[in-house]
Undergrad: 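I am attaching a structure below and will ask some questions about it afterwards.
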There are 2 protein chains.
Amino acid sequence: MTPQKIEKDTEGKILEAAKRVFTLKGLDGARMQEIADEAGINKALLHYYFRSKEKLFMTIFRVELNNFFPRLIPILLSDEWTYVQKIRHFVDEYIELFLKNPFLPAFVLREVNRNPQVIAHFIVESDIQSGKLKEVMRVLGKEMGLSSNEVLHLLITTVSACIFPFAGKPIIEQVLFNGNSDEYNQFLQERKTMVADFVICYLKGRQISNGNE
Amino acid sequence: MTPQKIEKDTEGKILEAAKRVFTLKGLDGARMQEIADEAGINKALLHYYFRSKEKLFMTIFRVELNNFFPRLIPILLSDEWTYVQKIRHFVDEYIELFLKNPFLPAFVLREVNRNPQVIAHFIVESDIQSGKLKEVMRVLGKEMGLSSNEVLHLLITTVSACIFPFAGKPIIEQVLFNGNSDEYNQFLQERKTMVADFVICYLKGRQISNGNE
DNA sequence: AAAATTATTAACCATTTGGTTAAAATTTTA
DNA sequence: TAAAATTTTAACCAAATGGTTAATAATTTT
């Protein structure tokens, strides 16, 4: 019962509005007044709760950066799955994340390039440990019969193949699909299996033909 | 003889300075005063030559967007090369371009997402014809034994694998190499052969094992 | 219910910023 | 070389913007 409309508290409304505006327009493009309007409150409240634009932005950015690095490492380290299953799970989860947060890639790339220093700070405070990554390279390398360095490149290629279709949406939609957003979305849907297939077929191709072209 | 220092004309100095500032900071982050300082001229001259910030920006953006879509289609359509050679050439040229213009990917992605409408306009005025792209899919599909749709995904994956390491430099450098930029540059150098190998091995893997995992 | 604390607002402020103007310097033309 | 044109500059302007303040409203505490 009592299905009353739940009034979000002011801080929550601000965070929600700030996320929308910042992810869409970036720190430089966002206006405090716009965030206030979007939240339906007075502009002074933004400063009352978050002191400054910079501080409010950092609050949002910290959360979004953590979303951008989801818990994918456990998947790659699991000993319950074959590497083929790991790849499928990894790509599945990552693309699903971006389907739910389509602006996340462009936002993170924009802000990380605007202020490259900031990422070092967030990396150490977050649970993104590049220590575990070394372990991932080792384990996967063993399973796939690749060197650590080859796994590194393969990982970047896989991540690239997941992220770029979202970060480059306006280009892809316009250049490849003449602005037809249905076709673009269709393309994204296919992406999960396509990317996983790529990686898996690559590994199969390597096992058989070694180096000769 | 006469190795006198060539004084660029004002318009050239402005364009050069505007390119540096805009590509690094974006339209929203750039300041007209900073561009003037960078060019070593009075701010009013920017308006004398280019009317407004927006107009100056568009002049730069038009050029950079064309750089971003280099003449790669002829490579893919050539009938002088096998598809393996085409892939190597394509990846080589594209990564070489970004090694020479490291900020190009981040800049284009940032601005294209800030104002997605603008790309439609530039696409039609430029020589980026998505008509030729259909032809590319068909030709490559035939050569590689793939459907047009599979070629599309393969193309995006290849382009992604070339672009993302540059667009995501701060992330990759920090997360994967603990901020060591020498290691990051080393990684970029290896990238040309790695990406091409990836695509080529994928195709070999497909030819042999069809579907079964 | 009075006092104290917290939340919210309208009005205001200082600075930044894109853009203008009118005069001066330079170059071109006649 | 004088006039006409183009180029360059310093000073200025209006709007936008992040931020503050002081008063008011709402809530919590005593």
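Below, read A as the first sequence line, B as the second, and so on, with proteins coming before strands; counting in each chain starts at 1.
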Undergrad: Donor-acceptor check, side chain of A:Ser78 to backbone of A:Ile75, threshold 3.5 angstrom: yes or no?
TA: no
Undergrad: Going by the ring-ring contact (aromatic ring centres under 6.0 Å, His included) test, which pairs reach into residues 158-197 of chain A, not counting sequence neighbours?
TA: A:Phe98-A:Phe166, A:Phe177-A:Phe187, A:Phe187-B:His153
Undergrad: Nearest 0.5 Å, please: how far is CZ in B:Arg88 from CD1 in B:Ile200?
TA: 3.5 Å
Undergrad: List the protein contact pattern of nucleotides 5-21 of chain D with one symbol per nucleotide (5' to 3'): B for base contact, S for sugar-phosphate-only contact, - for none; contact means a heavy-atom distance under 4.0 Å.
TA: -SBBBB------SBBBB
Undergrad: Kindly write out the residues that satisfy salt bridge (charged side-chain N to carboxylate O under 4.0 Å, His left out) with A:Lys53, not counting sequence neighbours, or none if the list is empty.
TA: none
Undergrad: Not counting sequence neighbours, which residues clear salt bridge (charged side-chain N to carboxylate O under 4.0 Å, His left out) with A:Arg62? List them please.
TA: A:Glu125
Undergrad: Please tabulate, for the side chains in residues 35-51 of chain B, all donor-acceptor contacts under 3.5 angstrom to protein atoms that are two or more places apart in sequence or on a different chain.
TA:
from: B:Asp37; atom 1: OD1; to: B:Gln33; atom 2: NE2; distance (Å): 3.0
from: B:Glu38; atom 1: OE2; to: B:Arg20; atom 2: NE; distance (Å): 2.5
from: B:Glu38; atom 1: OE2; to: B:Arg20; atom 2: NH2; distance (Å): 3.4
from: B:Asn42; atom 1: OD1; to: B:Ala44; atom 2: N; distance (Å): 2.8

Undergrad: Between the protein and nucleotides 22-29 of chain D, are there any N/O to N/O pairs under 3.5 Å, and if so, what are the atom names and distances?
TA:
none

Undergrad: Taking A:Arg114 first and then A:Glu111, would you say they form a salt bridge - that is, a charged N and a carboxylate O separated by under 4.0 Å?
TA: yes
Undergrad: Given atom CG of B:Leu56 and atom C1' of C:dT17, what is their separation to the nearest angstrom?
TA: 15 Å
Undergrad: Decide, yes or no, whether a salt bridge links B:Arg138 with B:Glu135 under the criterion of side-chain N to carboxylate O below 4.0 Å.
TA: yes
